[in-house]
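Structure record follows, encoded as structure tokens.
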Amino acid sequence: MPFLSDCHRSTCFPFFAQSFWYNFIVLEKAYDPKAVEDAIYASWEKSGAFKPESCPKDGEPFTISMPPPNATGQLHLGHAVMLALEDIFIRYARMNGKRALWVPGTDHAAIATENVVIKRLKEQGMKDPRKELGREKLIATIAEFVEESKATIRSQVRKMGSSCDWSRERYTFEPSLNRCVNEVFVKMHADGLIYRGHRIVNWDPKLQTTVSDDEVVYKEEKGVFFTFQYGPFQISTARPETKFGDKYVVMHPDDKRYKRYKHGDTFEAEWINGPVRATVIKDESVDPEFGTGVMTITPWHDHIDFEIAERHGLEKEQIIGFDGRLLEIAGEFFGKKIEEARPLIVEKLKAKGLLVKADENYVHNKAVSQRGGGSIEPQIKLQWFIDVNKEVVPWQQKGSKKAEKMSLKQIMHSVVHHGDVEIIPDRFGKTYFHWIDNLRDWCISRQIWWGHRIPVWYRGTDTAVGAKAPGPEWNQDEDTLDTWFSSALWTWSTLVDPKKAADSTLSLEEILKQSPDFQAFHPTAVMETGYDILFFWVARMILMTTYATGQIPFKTVYLHGLIRTRDGRKMSKSDPETMIDPLDMISKYGADALRLSMIVGQSAGADSRLYEEKIAGYRNFINKLWNASRFVLMQCEQAGIDPKMIDKLPENASLSLADRAVLHASECLIADITKGLSAYSLSEAGDRLYSFVWDYFCDWYLELSKGTANHAVLVHVLRRILKLLHPYCPFVTEQLWGQVKKTEDGALILQSWPAPHEKRKDAKAFADLQVLIDVISSIRKLRNDHNVEPGKEITVTIVGKKFCELLESQEAHIRRMCKVGSLTFTTDSVKVENAASAFLSDIEIHLSLAGLFDAGKLKESLLREQAELTKYVSGLQGKLSNKSFVDKAPKELVDEQKTKLAETEEKLKKIEERLKNL
RNA sequence: GGGCAAUUAGCUCAGCUGGUUAGAGCGCCACAUUGACAUUGUGGAGGUCACAAGUUCGAAUCUUGUAUUGCCCACCA
């Protein structure tokens, strides 16, 4: 059987045959990631290994769209964890012979980027950059800034070891993606899914733009809750400044207190600027339990009030201007800012005797802009919206025979409900459905300049929709699109052929049909991102992509959690002490260590805590692996064997117990890691690799192989480890691979994932080695317990019973690893004077303590063990004497407990004998 | 107000479909320094698995309730 027959792609890349990293003949004593990472990355990139063209042509496509970082600045830990996870997915897929494509890119991040640049310009002394520069110049300035940022991000993504295809890098604001945005807008408009209307929107007076519902956050704030007399009613409010135009009082139709007032009744009330005529409205949305059960409404500045006004066809009046100042309707308060006007208005009402109560301890939620941080003022404004309820999109649900017309909401619901899109962890599915249930029409227009311009043109009362002006006298819409409109297309707009996208004669459908990458790589396999943008982005990708392409954007959504500080706080820019900069960590501990620290011990969708000791711990692991490899290489060197020439593994029959055991263990390891990675259980699989390498391979196999090394097995198992570990720690494994790979093999990144060889399994050897390990551990413990000097050779008698032959065959190991001078094996129990003893299952170990013998101490330790075992035995006896247990528990379990009881009782007997003889 | 999650060693976390004498890493204690590795090795201490009730022969694990913490959604005039 050829050794490592699974390296079928070994000859694809001649570049690697004389690769740069063969400089090291003897490895350095400690691994220095800084010295090698950049060069390894460069060689991967240069070789074309990141491109799907390097994968087998008949491989199944496996695509990941990298969530594009905002082209505004620095990579943070959120990006780092995303890159680490996706790189593991993609490397694993690649090694499994799939045509793996990972598309990188950046996002123009409309509001965020414009803000950053405007802030900078202001810091440089500009008072109002928008006014001073004008639209074109501001856009040019931002574009320049973005180019710098992109360069920074690119280099940082590389630092993480991300094996993405840079030749396919995209940017949400480049021409081909802009074409897709325009085409989708036009298509949606034609289908009646995009409309323009006067609706209530979230207006950010600070940023001077609307924002979407998802960009509004609520902050708890303590304020004053005023109750005023309003005609015959008492009404309460926290916002008296909005009350100028109020001319409706609303109450629940069933509220008995107000039974005598009929819907439509009018009355006169003295109010802020004199008497007003008000109308009674009965509406079920009013909660009779809250306050007085009566309220006045301000439809222009409140979502709920707007809805009530719409229901009853009431008038709406604007009170607050878009600059956040009161309008003329406020009379003497005209032009005043809200904070300024509020106390004055209250004062005036009080003077009129209309203030009934002022509750100072009122806590309410204040709407704040997530981006700008300023107060959100609901306003009625002429804006563009996506209709999420109109049932006009043909969609064929899983399991149904033909396409039906569905709404965007319904499609979004359907694809997740039917499992076309699987969300990991699945509990986020619930969150997603809940969000859809509450989804209102999506306001997509923004009053900022940095972004995709709305492809709509006006001439007088004429309107035309399309990317190009129908004629010279037409003016384009001033607004731009919400940034999520363009990033919602990301999984496929990045796969569109830019040449086809530049051809204005083609329709969107034709562009997609004629784009080879789209045809080959869409839908993508997995979307990996933070759960915090499930709504912003993931949901919108599903919405837009199913509509525009008829395909789901991805089959699996894998959501990761937030990375927090050691004490569970959010890392924030405003508090630099809490921040861990991934680049600092890479330069200190290496990218591999950082990657492991963010993956192992973390589960999907859960927040995790990161701190430097954790990263250092994984750095130690990487170094352990390095030194294990160093050991293997030194063994080969001493024997005059070139590890690169090692090709065949001897037949099992000719191998030592330890060799057979480690081969068995490594075969089992393959199965476990493969299963774990296929199921996206990265933490479990990573943990398994960690303990295999450290606790089994290094601590036992390498120790046992000292003096009796089988070079073929050493190199074979090491190669296996490097392959299995490669997705997690690409740099160090690639570096070491260069030392131990077969000469004709190429880089590790393109090696095939190992398949288990059943013939190499030997469970008996594995179990036998465990017996030896237990014996060695027990002798070491005896030495330690009885303070035997570390250098002192000891005399040991082992009563091996059925294991006698096995242990005798491993005598040399026992002698060396426990510093045993005189070692005697017997089949039957013997009496050893002045000895400390350990009792394993069917094995007794007696360590002669001549000269060191301390009867008191020995007695003490025996008594302790006796107590422990007695407790255990009584537990087992209790179980076994319980009839229901014996009757109902599975037979194997009962037998197992019986065996354990017998063994433990035997041990106890021995201990009692020893105690008697002391 | 509605929903979701967490609670296991000093700290950070595993423990999957109920059966382990409840595990790991870091930290701690003792010992070890020229042969892969002190970014190390050997051995050890340390846990009523938040609490209560229930289901079961058997519960860290399942059910219900309670408490504490965190998050998401709704937005109360």
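- Using P as the reference atom, G54(B) and C16(B) are 25 Å apart when rounded to the nearest Å.
- Comparing U64(B) with A5(B), their P atoms sit 12 Å apart, to the nearest whole Å.
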The dot-bracket string of RNA chain B, counting Watson-Crick and G-U wobble pairs with both distances under 3.5 Å, using [ ] for crossing pairs and | for pairs to another strand, is (((((((..((((.....[...)))).(((((.......))))).....(((((..]....))))))))))))....
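- At least one donor-acceptor pair under 3.5 Å links the side chain of Trp626(A) to the backbone N or O of Glu28(A).
- If you take CZ of Phe433(A) and P of G3(B), they are 18 Å apart, rounded to a whole angstrom.
- Here the P atom of nucleotide G41(B) and the CZ atom of Arg780(A) are 11 Å apart, to the nearest Å.
- The residue Ile304(A) sits close only to the backbone: its heavy atoms come under 4.0 Å of sugar-phosphate atoms, none of a base.
- One interatomic measurement links the two molecules: CZ of Arg609(A) to C1' of G27(B), which rounds to 17 Å at whole-angstrom precision.
- Rounded to whole Å, the P atom of U63(B) lies 29 Å from the corresponding atom of A74(B).
- Whole-Å rounding puts the Lys624(A) NZ to G41(B) P distance at 4 Å.
- Shown here for Met817(A) and Leu704(A), the closest heavy-atom pair between the two residues is SD-CD2, 3.5 Å.
- Within the 4.5 Å cutoff, the side chain of Pro643(A) has heavy atoms near those of the Leu633(A) side chain.
- Here the side chain of Asp699(A) is nearest to one of C26(B), A36(B), G41(B), namely G41(B).
- What separates CG of Asn787(A) from P of C31(B) is a distance of 10 Å, to the nearest Å.
- Using a 4.0 Å heavy-atom distance criterion, Val286(A) is classed as a base contact.
- A donor atom on one side chain and an acceptor atom on the other are found under 3.5 Å apart for Ser285(A) and Asp283(A).
- When the C1' atom of U34(B) is taken as reference, atom CE of Met634(A) falls 12 Å away, rounded to whole Å.
- Rounded to whole Å, the C1' atom of A38(B) lies 14 Å from the corresponding atom of C31(B).
- Under the 30°/60° scheme for interplanar angles, the aromatic rings of Phe225(A) and Phe290(A) are found to stand perpendicular.
- Side-chain contact check for Asp246(A) and Thr298(A): at least one donor-acceptor pair (N or O, by modelled atom type) lies under 3.5 Å.
- Among the atoms of the strands shown, only primed sugar atoms or phosphate atoms (P, OP1, OP2) are found under 4.0 Å from some heavy atom of Lys29(A).
- Remark: the separation of the C1' atoms in U8(B) and U48(B) is 12 Å, to the nearest Å.
- The distance between atom CG of Asn438(A) and atom P of G1(B), rounded to the nearest whole Å, is 18 Å.
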Sugar-phosphate atoms are those with a prime plus P, OP1 and OP2; base atoms are the rest. Using that split, label each nucleotide of nucleotides 20-25 of chain B B, S or - for protein heavy atoms under 4.0 Å, 5' to 3'. SB---S
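- In this structure, Asn620(A) atom CG and U40(B) atom C1' are separated by 9 Å, rounded to whole Å.
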